[in-house]
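Structure record follows, encoded as structure tokens.
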There are 2 protein chains.
Amino acid sequence: MELSQRKEKILAAVVEHYIKTGEPVGSKTLLSALDITVSSATIRNEMAELVALGFLEQPHTSAGRIPTNEGYRYYVDRLMGVRPLDESVKRQIEAGVSLKNASPEAILAKASEFLADMTDCAAVSTTPSGENATIKRVEFVPVGTRTGMIVLLTSTGVIKSKVCRSDIDLNSSMIEKFYNIVKSSFLGLPLDEIDTATLQTLVASMGMDALTMIPFVSAVSELAQEAMQTMVMLGGQSNILRYREDYGTTAYELMDFLRRGEPISQLLANSKEDFDVKIGGENKFKQLENSSVIMAHYNIDGDNRGSIGIIGPTRIDYASLIPSVRYLTNLVGELLTQTLNDD
Amino acid sequence: MELSQRKEKILAAVVEHYIKTGEPVGSKTLLSALDITVSSATIRNEMAELVALGFLEQPHTSAGRIPTNEGYRYYVDRLMGVRPLDESVKRQIEAGVSLKNASPEAILAKASEFLADMTDCAAVSTTPSGENATIKRVEFVPVGTRTGMIVLLTSTGVIKSKVCRSDIDLNSSMIEKFYNIVKSSFLGLPLDEIDTATLQTLVASMGMDALTMIPFVSAVSELAQEAMQTMVMLGGQSNILRYREDYGTTAYELMDFLRRGEPISQLLANSKEDFDVKIGGENKFKQLENSSVIMAHYNIDGDNRGSIGIIGPTRIDYASLIPSVRYLTNLVGELLTQTLNDD
DNA sequence: CGTTAGCACTCTTTTCGCCTGAGTGCTAAC
DNA sequence: GTTAGCACTCAGGCGAAAAGAGTGCTAACG
């Protein structure tokens, strides 16, 4: 749907003013914000049409207008000025995510925290998906006479560890056997190919050693499962309280929703675009019906691996936050790729 | 200060009723809750004296009474019935923290979450302090031609890892040298003895190899620093919103305070008792002046290592939550000790 | 026909006063 | 020391009135 240029100007002004103040925008206010030489009555007529078209609405008869979700959508897609990021903001973001030699988890946790602080929104990030990851390395570190710690490193740089308890005292031949099994059966194996079926055939093939090796092998498998799960890192939950009135649901419900993690990761994974904005009910979780989500996906080695996003009220400042989220996400992707491949 | 038995009964009844309802308690209400055969006028007289003594206060002239911090203190110290924990609650707690073969971090994070859910409060826990911990094991895992991952395991079961970048291509003799240095200079060393001075003498003693070994050695040292820091695990922040009106400060300030971590860890570390309750202003953070903290310390191998606590409004249900926190904390201590020493 | 001034109208928000009810403190009697 | 009785205080609720913001409509204008 095409709008006349004047209507577009008015719509954009309403959206921007409402984002800034949170108050319904009236025709007089608009007049002074706009560099159009018409009267407030004309603007009123235009706004009445915009209401009829579904881009604006009135909270009550004698109030100004606020954008509908469609109004925001039109604004984001066609009207919003995508001014390039300020150099100083870029510096700030770069400083915010720079963590040399840290684990992917640490980098993403830091990114969430930083993004939350910068945007005054709640921020989330997901750890790299294990979909195409393989087992890069498995180490066994003895701890006690019957226990040891198994450390697993994946091709995506995720490191997971677990205590493993043997039924009999450890000895060097057992450990050697374990490393042989690792080398022949695990190294290079995609994480998602480790299911109970393959494990069973593996154990069956071990013959005599099966009994002693089971704790080790199953620990590796559990670690692989863990490494495959994407974790959701949450930051700045307290920022939800900043815009309390703007979220339709109670702040409590929203925080509880974020805490769950599972729906969030679904939400973030759902969009395959490089970058996405979900306005209000566009994401189909009713807890988010008055929230917008700005998210971007980061790549490791060119593969879409995970996401970073912020969650705010629908009257979030799209124009300045979208570039920030994108820039930060790209940066994190580069950082992760580099940490991983650097040699 | 000693109170007459009747005053104690009245104080206890006021505290308990106020904790339950959140409403100021009047003399008539008290009459029916108490099994004393006196009139409301007598109770009024007694309450007036309790106000004079500083144990109760009136929000305004024509309202009932609410406990002051001193009132809560007297109640917690002398009046509160310490009924033993229900067997079913014990089972529930045991189920809540049982995580076999998990890292200390994971166990404590789970404990925080669980405690928060159980008590409807915000919960915190600190990871084992590295004070008396030593380096138990250091492993080097090659990742690229010039990079590897260094994994450090402490005597308290904490595992930390870091990417380490060498200036020249890795070869087996370098790795061997590294392991020699580890064996001769790091294994068994208390974490807090690794400062820049000892590092410098170590590097100096390496002579020719110093240059190539510096990245490795400093990575180990950084990991030791990290392992020494206690982390603060936070759970159930959304529960703050449940008692929003009861916290004097805004919910936002409180959440922000919790998020910082540093002050929390100070708060928890400050009390050397086995177990402690801080009521209102007793903890000297002004963000917590209307909050109470119930905390207990867990031991690993008999040493006080870290803490678990909950933060709620001053009108928190001390009588039933204190035993729960203590029981859970002891359990976690046992679990951590066992995970560590089991062999 | 689009634009504009003017005006009555609507609806929210704030304010003010009034009333009610809970609970007290005090006094005088038991 | 305890109790009944009573006047007093104050927060909270209710409703009417006033204020304020902004609209929609009509009629006039170029």
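Each chain gets a letter, A, B and so on, in the order its sequence line appears, and its residues count up from 1.
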State plainly whether the residues [X] and [Y] are in salt-bridge range, i.e. N to O under 4.0 Å.
X: B:Lys20; Y: B:Glu16; answer: no
X: A:Lys90; Y: A:Asp86; answer: no
X: B:Glu289; Y: B:Lys284; answer: no

Could you tell me whether the side chains of B:Ser112 and B:Ser125 share a donor-acceptor contact shorter than 3.5 Å? yes
Interatomic distance, [X] [atom1] vs [N] [atom2] [rounded to whole Å]:
X: B:Leu56; N: C:dG23; atom1: CG; atom2: P; result: 15 Å
X: A:Lys28; N: C:dC7; atom1: NZ; atom2: C1'; result: 12 Å
X: A:Ile66; N: C:dT12; atom1: CD1; atom2: P; result: 14 Å
X: B:Glu49; N: C:dC26; atom1: CD; atom2: P; result: 12 Å
X: B:Glu57; N: D:dC10; atom1: CD; atom2: C1'; result: 17 Å
X: B:Ile36; N: D:dT2; atom1: CD1; atom2: C1'; result: 13 Å
X: A:Glu46; N: D:dT23; atom1: CD; atom2: C1'; result: 16 Å
X: A:Leu50; N: D:dG24; atom1: CG; atom2: C1'; result: 16 Å

Ignoring the backbone of [X], work out which of [options] is nearest its side chain.
X: B:Thr29; options: C:dG23, D:dA4, C:dT12; value: C:dG23
X: B:Ser39; options: C:dT4, D:dG24, D:dA4; value: D:dA4
X: A:Val38; options: D:dT3, D:dG22, C:dT4; value: C:dT4
X: B:Arg65; options: C:dG25, C:dT3, C:dC11; value: C:dG25

Mind checking if B:Ser40 touches a base, just sugar-phosphate, or nothing, with heavy atoms under 4.0 Å? nothing
side-chain N/O [X] vs [N] OP1/OP2, d < 4.0 Å:
X: B:Gln58; N: D:dC10; result: no
X: A:Ser27; N: D:dT23; result: yes
X: A:Arg44; N: C:dC7; result: no
X: B:Thr61; N: D:dC10; result: yes
X: A:Ser62; N: C:dT12; result: no

Counting only Watson-Crick pairs (N1-N3 plus N6-O4 or O6-N4) and G-U wobbles (N1-O2, O6-N3), all under 3.5 Å, who is the partner of C:dC26? D:dG5
Which residue lies toward the 5' end of DNA chain D, A:Ala41 or B:Ala41, if each is placed at its nearest nucleotide?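 Closest to the 5' end, via its nearest nucleotide, is B:Ala41.
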Classify the angle between the aromatic ring planes of A:Tyr74 and A:Phe55 as parallel (below 30°), tilted (30 to 60°) or perpendicular (above 60°).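 A:Tyr74 and A:Phe55: perpendicular rings.
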